[in-house]
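Notes for the one structure printed next.
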Number of protein chains: 4
Amino acid sequence: MTLTPEQKAEIDAERAEPRPTLRAISEGMEKRLYTAHPVLDHGFVRVIDYMGNDAAICQAARVSYGRGTKSVSNDEGLIRYLMRHWHSTPFEMCEVKFHVKLPVFVARQWIRHRTANVNEYSARYSILDREFYIPAPEHLAAQSTTNNQGRGEVLEGDEAARVLQILREDAMRSYDHYEEMLSQDGKKGLARELARMNLPANIYTQWYWKIDLHNLFHFLRLRADAHAQYEIRAYADVICDIVRDWVPLAYKAFEDYRLGGATLSAKGVELIRRRLAGEAITQENSGMSKGEWREFVALWGDAFQS
Amino acid sequence: MTLTPEQKAEIDAERAEPRPTLRAISEGMEKRLYTAHPVLDHGFVRVIDYMGNDAAICQAARVSYGRGTKSVSNDEGLIRYLMRHWHSTPFEMCEVKFHVKLPVFVARQWIRHRTANVNEYSARYSILDREFYIPAPEHLAAQSTTNNQGRGEVLEGDEAARVLQILREDAMRSYDHYEEMLSQDGKKGLARELARMNLPANIYTQWYWKIDLHNLFHFLRLRADAHAQYEIRAYADVICDIVRDWVPLAYKAFEDYRLGGATLSAKGVELIRRRLAGEAITQENSGMSKGEWREFVALWGDAFQS
Amino acid sequence: MTLTPEQKAEIDAERAEPRPTLRAISEGMEKRLYTAHPVLDHGFVRVIDYMGNDAAICQAARVSYGRGTKSVSNDEGLIRYLMRHWHSTPFEMCEVKFHVKLPVFVARQWIRHRTANVNEYSARYSILDREFYIPAPEHLAAQSTTNNQGRGEVLEGDEAARVLQILREDAMRSYDHYEEMLSQDGKKGLARELARMNLPANIYTQWYWKIDLHNLFHFLRLRADAHAQYEIRAYADVICDIVRDWVPLAYKAFEDYRLGGATLSAKGVELIRRRLAGEAITQENSGMSKGEWREFVALWGDAFQS
Amino acid sequence: MTLTPEQKAEIDAERAEPRPTLRAISEGMEKRLYTAHPVLDHGFVRVIDYMGNDAAICQAARVSYGRGTKSVSNDEGLIRYLMRHWHSTPFEMCEVKFHVKLPVFVARQWIRHRTANVNEYSARYSILDREFYIPAPEHLAAQSTTNNQGRGEVLEGDEAARVLQILREDAMRSYDHYEEMLSQDGKKGLARELARMNLPANIYTQWYWKIDLHNLFHFLRLRADAHAQYEIRAYADVICDIVRDWVPLAYKAFEDYRLGGATLSAKGVELIRRRLAGEAITQENSGMSKGEWREFVALWGDAFQS
C-alpha cells in the first residue's frame, strides 16, 4: 500500500486535532481513526467515523435516560444475553464508517450485503489509478478438487510463473489501452464511462462504507469464515481487529456465540444426544447425507468416527 | 413534560463531561445533546448521538482522504447539487440517534418508516407509566367534511368538554384496571404482556430511534407536511429544528428542494407552459380530474383561476 | 371469527374462477388461496397471492433458463444444502402476500420485522369495527416468577373472572365512547384520527402483508418459538402450516436446520467435546454463567446433570 | 443475442404449458413470460414470474376481502391518487422476477439499488462464457466537454476504429488467458475465483433479479432517465415496455407523475409565480446559481429566456 505525500498529510491533519465532544467515546477506536490499515498488495481499511460503544448498546437495550450506574460486569452480562438470544436491535444502535480500497472482484462480493451505505469512487466521473491486485505466490491457489467453490493446493514452478506473467501483463496492457482511449491528444477521447469497460476485475476501486454493528457482525460471520474467498477474508480479518478495539465486550460475545460457535440441525442435536447416551453413530445410522455427515464429523471429530 | 429528579440528574451528568475526540464535530448538535425537547403534553425528543456534519457529506461524495482544502462555499454548492439531482448516498453517510417519548398511536404511524433502527421500551418486560396524551383544546378538531383523512374545525363548548372528559376518565380507569390486573397483592397477577392490552392508544411509550440523514429527510418531508396528523407533525417540527443546527447547509438545501418545493406531473408541466405562452387554462381544458385540478390551483393560485 | 355474508361472497367469488397461467404453480397453495384461516377469537390469516415454489428456489440458485431436467431428489438436496450453508438469496426468490386480522398489540410486535411490505386498514380514514381480543380462560396466564418477559401459571377462580370482566367491560365502554365522540348527531363529531386514541390495544386491526420466503422463515423462527408471546405464536403456527403446503421441501429443511436445530457457543461446543471425551461437566467447571448453563442443560438434559 | 438450442428449448417448454390458478392474472404479462427480450449485443431481459396486477394495487390500498365491484375507472382514479400523493405501499404489493444478462460494468451500477433480491451466476463456482459487450458505432461516444459524468459527440474514423480494435482484442486475449489459467491440461489449473480477476468489465454476467413495483418504478425513474448511462438505459427502456403491459394503469400514472413530471425547488416555484405575474426573470434576478438556472431554463424554455 502506498499513499501519496498529499494523502499522508491529509490523514495526519485529521489525527492532529482532537476536539471536545459530549458524545460516547471508544478509546480503542480513537486510536484507529483515519489511519490506513494495509490489506492485500495495494488495499487498505480506514475508520472514518464511529457512533457508540459497549455502554451505548446497553443504554439502548434499557431505553435509559443516561449512562446509569450499571457496572461493566452488568454490561457484559447484558451484552452476552442479547447476543445469545438474537436480540439484534441494541447492536444496531452502533454505527461505523470505513474508507476501503479494494479490488473490483472483491467489491462485487462485498456489495451483496445490502444493509449498508456506500459511496464508491466513480469511474464515470473520474479516472481510475493504475493499481491492480496481483496475488502473493502463497495465495496463487489451484481449483479445489472436492469443492466447486474453493481453492486447493498452491500453484508452483512454471505454472505459477505463467499465471503471474499473464496477470501482470494483461493488467498493464489494459491500463495502457484505457489511457490511450481516454487521451484527448489530437483526438476527442472516449467517454470515461465507456473506457473503463476495458479494465479487468483486479483493478482497485475505493469507497466509503457505513454499517451498523449488527449487520457488520453478520458480514464478518460470513466473510471472516474459512469458506470465504481469501481476498475478502483479508479485509474481514482486519475489520475484526478494529471492532475488537471499538466494542471489546460485544466483540467477545460475537466471537463466542457466532464466530466460534456452531449451528446444529434437529438431526445433529439428536445424534449428539444419542452419542451422549452411549450409542455408536455412523453415517449409515445417522440419517444424514454424505455431505452433511462429512461436515458433522469435521466439527465433532473422533467421537463420531469408527 | 416532567422528568423525575433522577432522570434530570442523569441528563445533567451526560452533559457535564466533554471528552476529546478526533471525529467530525457539529457545534450546533453538541449544544443539543441529551437535553429533552418537549413535544405535546408529556412527550420529548432527545438527541443521544450523531455521526457526521456538512463536511462529512462532501467528504463521502468525493471519497476523499481528508477534509481537504475545499471552502464552505464549495461545500454548499456540492450539497445543493447532490440534493437537486437526488444523489442520496452522501446524505446516508450521516447518522443520528434519538430518544423519543410519544403516544402509542403516533408510534404506530412513525414505525412505518422501515429504514431506521428502533429499541422500544418493552411492556412485556416492564410496567408502563401513567401518562396519556390529552389534546390541548385548540387541537381538538372535528372530522374534516371534505377530506376523509383530515381534520376540520375545532370542537367547542359542551362537545369539546365531553370529549375531554371521556379521554381523561377512560385513560385513568384503564390504567387503574391495568394496575389492578398486574397486582400480586393476595393473588397471582396477570402477565404484563397481557395486562397491557387494556391500555388505550394515547398512553405514552418511548424508544431509541436511529436513522441516517437521507432517510430522516424522507421522514421529515412526509411528517412535517401539512397533510400529516398534527400529533406526529409536532415531533417532526422539533426534529427539523435540531437538524438545522446539526447540518445547516444540508438542511437549507432540503428546505429549498423538498419541503418548500413542488412536484409537477407531465400534465402540470404542460399547463404551466401553455399558461406561460398566454393561453387561458380552466379545469375543462386542463385534462385534469377535479381533485388534481383543485390541488394544482391551490399551488399556483390566481394565474389559473378564471 | 365471523365474516359478513358479503365478505364470504367475495371470498367465494375469488375461489370460483381458475384462469390459465404460465407461471410456476404450487398445488398446495392453490388450495389455501383466499380462505380465512381462524386465529384467536376474531382473527384470521388469508393467503392473497404467492410467487414461486420449491422448483423456483432451485431455478434461481442455478440461474437457469428453464425448469431443467433436475429430479425432485436433486432439488431436495440442493435446498438442504442452501439452508445448511445460509445461502439465503434463492429463498428470497419466493414471495407471499397475506391478509391478516389481528389485535393491535400483536400488530405492534409483528411490524418490527422491517423487511416486509404492509398496507394497514387506516383508522385515520375509516372507522374500526367493534371487535376485541379476549383471551380464552386457558391463556389467561400470570406473570412468570422466573422470567421478566414471560408467563407463568394460568389464573383461576375470582382472579380470572375479574380480569375477564375488566377486559370485556373496558373494551365495550371504550368503543361506546369512540362511537359517541365520532357521532355527528347534533354535533360536529371528533376527527377519526383523534377518536381512535381511546381504543385499547386488544382491538382488532387488519393488513395486507407481503414478504419473501427467506424473511418469512426468519419471522417464523422467532415467532413460532416457545419464547414468543402466545398471541403472535398462534399466527406463526398457522402460517407454518401454510408454508408447509406451499414449499414442502424448503419447509422441511427449515424445520430441520432452524426450528428444530440449536445454536451452540464456542463454549458450548467445547463442553460437548469434553463430555464426549468422558469428562464430567458441572456449572462450576463449565465456565458458563448460571443463566447460560440453565439454558444449556435444558437443551442437553441428563448427560450434563450430576 | 444468441441462445443455445437447449436454452431455446427450455424457454419453449416453459411457455407451452398453461396451468389453472386462482391468483390474480395480468394478460399482458402472460404474453411476456420467459421470452428473451434482446438488449445490447448479447444481453436480454426475461420475465420469470410476477405477482399482482392493477386491481391488486387497489385491493391492497383498500385492504379488501375480494376484488370488489369497483370499476376500472374507479381503479384508475385511485391509482393516480396514490401515485400523486406518494402512497407507495400499495405499489409494493406487486412483485416481478427477471432473468437478466448484462455486462459487468452495467451490473455494478444496477446492484446499487439495494431493495431487490438477486441471485447472480457465480464465477467462483462456474466458468463464464466468452461474450463481451462491444458498443455499436453510434454509441461510441466521446467524453462530454461540459459534463464530467456524461457523453458528447460520437467518435469517428480512425479513432473509432482504434477503440473498437482495442476493446475486441483485449477481450479476446483476456478470455484466452482466462481459459489458459483455468486449464488442467498437464497442470493444476488456477482456482476459478482467482482466474476471473483477469476478465474486463465488458464481459457478460447474468442474474435473477426480483423487485416490487414501487422500487422498480424508482429504479426506472433513475435509469430510464436521459442522464443515465446509455448501456443501463437500454435495459430500463425494455423493462418500461414490459411494465406497461403488466400494470397499464399504474404505468400510465408513473409516466405522468414521475417520468414526464418535474420537481421544482422553492425558488423554482417562486420564479414561476413571478413570471406568471408578469415579471421578466433573468439569472441575475433569479437567485439561482448558474448550474441551477441552466437546468431551469432547459425545462421551461423561451418564457425564461431574454
Side-chain angles (χ1 to χ4, degrees), chain A residues 3-4 6-25 29-31 33-34 36 46 48-52 56 59-69 87 89-97 99 117-122 126 206-208 210 212 214, chain B residues 3-4 6-25 29-31 33-34 36 46 48-52 56 59-69 87 89-97 99 117-122 126 206-208 210 212 214:
Chain A
L3 297 173
T4 66
E6 288 74 21
Q7 289 162 352
K8 277 185 200 150
E10 292 199 83
I11 291 173
D12 289 346
E14 293 274 34
R15 282 204 58 82
E17 225 187 303
R19 276 147 300 188
T21 186
L22 292 169
R23 290 173 291 169
I25 291 269
M29 205 62 154
E30 291 288 332
K31 295 198 180 90
L33 273 167
Y34 306 121
R46 297 170 63 219
I48 297 300
D49 207 343
Y50 70 91
M51 172 191 278
Q59 201 185 14
R62 297 182 182 117
V63 193
S64 58
Y65 282 76
R67 254 168 245 137
T69 57
H87 289 294
T89 54
F91 297 103
E92 295 174 12
M93 289 289 155
C94 293
E95 191 91 13
V96 61
K97 182 161 61 183
H99 178 191
N117 309 114
V118 184
N119 271 281
E120 187 172 354
Y121 186 87
S122 168
S126 306
Q206 45 184 296
W207 60 33
Y208 270 49
K210 175 170 147 290
D212 68 59
H214 166 68
Chain B
L3 297 173
T4 66
E6 290 74 22
Q7 289 163 352
K8 278 185 199 150
E10 292 199 82
I11 291 172
D12 289 347
E14 293 273 34
R15 283 204 57 82
E17 227 186 300
R19 275 148 300 189
T21 187
L22 291 169
R23 291 173 291 170
I25 292 269
M29 204 62 154
E30 291 288 332
K31 294 198 181 92
L33 272 168
Y34 307 121
R46 297 171 62 220
I48 297 301
D49 208 343
Y50 70 91
M51 172 191 277
Q59 201 184 14
R62 297 182 183 118
V63 192
S64 58
Y65 282 75
R67 254 168 245 136
T69 55
H87 289 293
T89 55
F91 297 103
E92 294 175 12
M93 289 289 155
C94 293
E95 190 90 13
V96 62
K97 182 160 62 182
H99 179 191
N117 310 115
V118 184
N119 273 279
E120 186 172 354
Y121 187 87
S122 168
S126 307
Q206 43 184 296
W207 60 33
Y208 270 49
K210 176 170 147 290
D212 68 58
H214 166 68

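We name chains A, B, ... by the order of the sequence lines, and we start the count at 1 in each one.
- For the pair A:Tyr50 (side chain) and B:Met51 (backbone), a donor-acceptor distance under 3.5 Å is absent.
- Looking at A:Leu33, only its side chain comes within 4.5 Å of chain B, counting heavy atoms on both sides.
- Contact check for A:Gln206 versus B:Tyr65: side-chain heavy atoms found under the 4.5 Å cut-off.
- Of the listed residues (A:Ile11, A:Val118, A:Ile48), the greatest number of heavy-atom pairs within a distance under 4.5 Å of chain B belongs to A:Val118.
- Only the side chain of A:Tyr34 comes within contact range of chain B, with at least one heavy atom under 4.5 Å from a heavy atom of that chain.
- By the side-chain hydrogen bond (donor to acceptor under 3.5 Å, both in side chains) test, B:Gln59 is found to be paired with A:Glu14, residues two or more places apart in sequence or in another chain being considered.
- The main-chain N or O of B:Ala61 is never found under 3.5 Å from a side-chain atom of A:Asn119 such that the two would form a donor-acceptor pair.
- Among the candidates B:Arg15, B:Lys97, B:Glu95, the residue making the largest number of heavy-atom pairs closer than 4.5 Å to chain A is B:Glu95.
- For the set B:Ser122, B:Ala24, B:Pro90, the entry with the most heavy-atom pairs within less than 4.5 Å of chain A is B:Pro90.
- Residues meeting the side-chain hydrogen bond (donor to acceptor under 3.5 Å, both in side chains) test with A:Thr21, sequence neighbours left out: A:Arg23, B:Glu30.
- Contact count versus chain A (heavy atoms, under 4.5 Å) is highest, among B:Asn117, B:Leu22, B:Asp12, B:Thr89, for B:Leu22.
- Proximity to chain B (any heavy atom under 4.5 Å) is shown, for A:Ala13, by neither the backbone nor the side chain.
- Chain B forms more heavy-atom pairs under 4.5 Å with one residue of A:His99, A:Gln7, A:His214 than with any other, namely A:Gln7.
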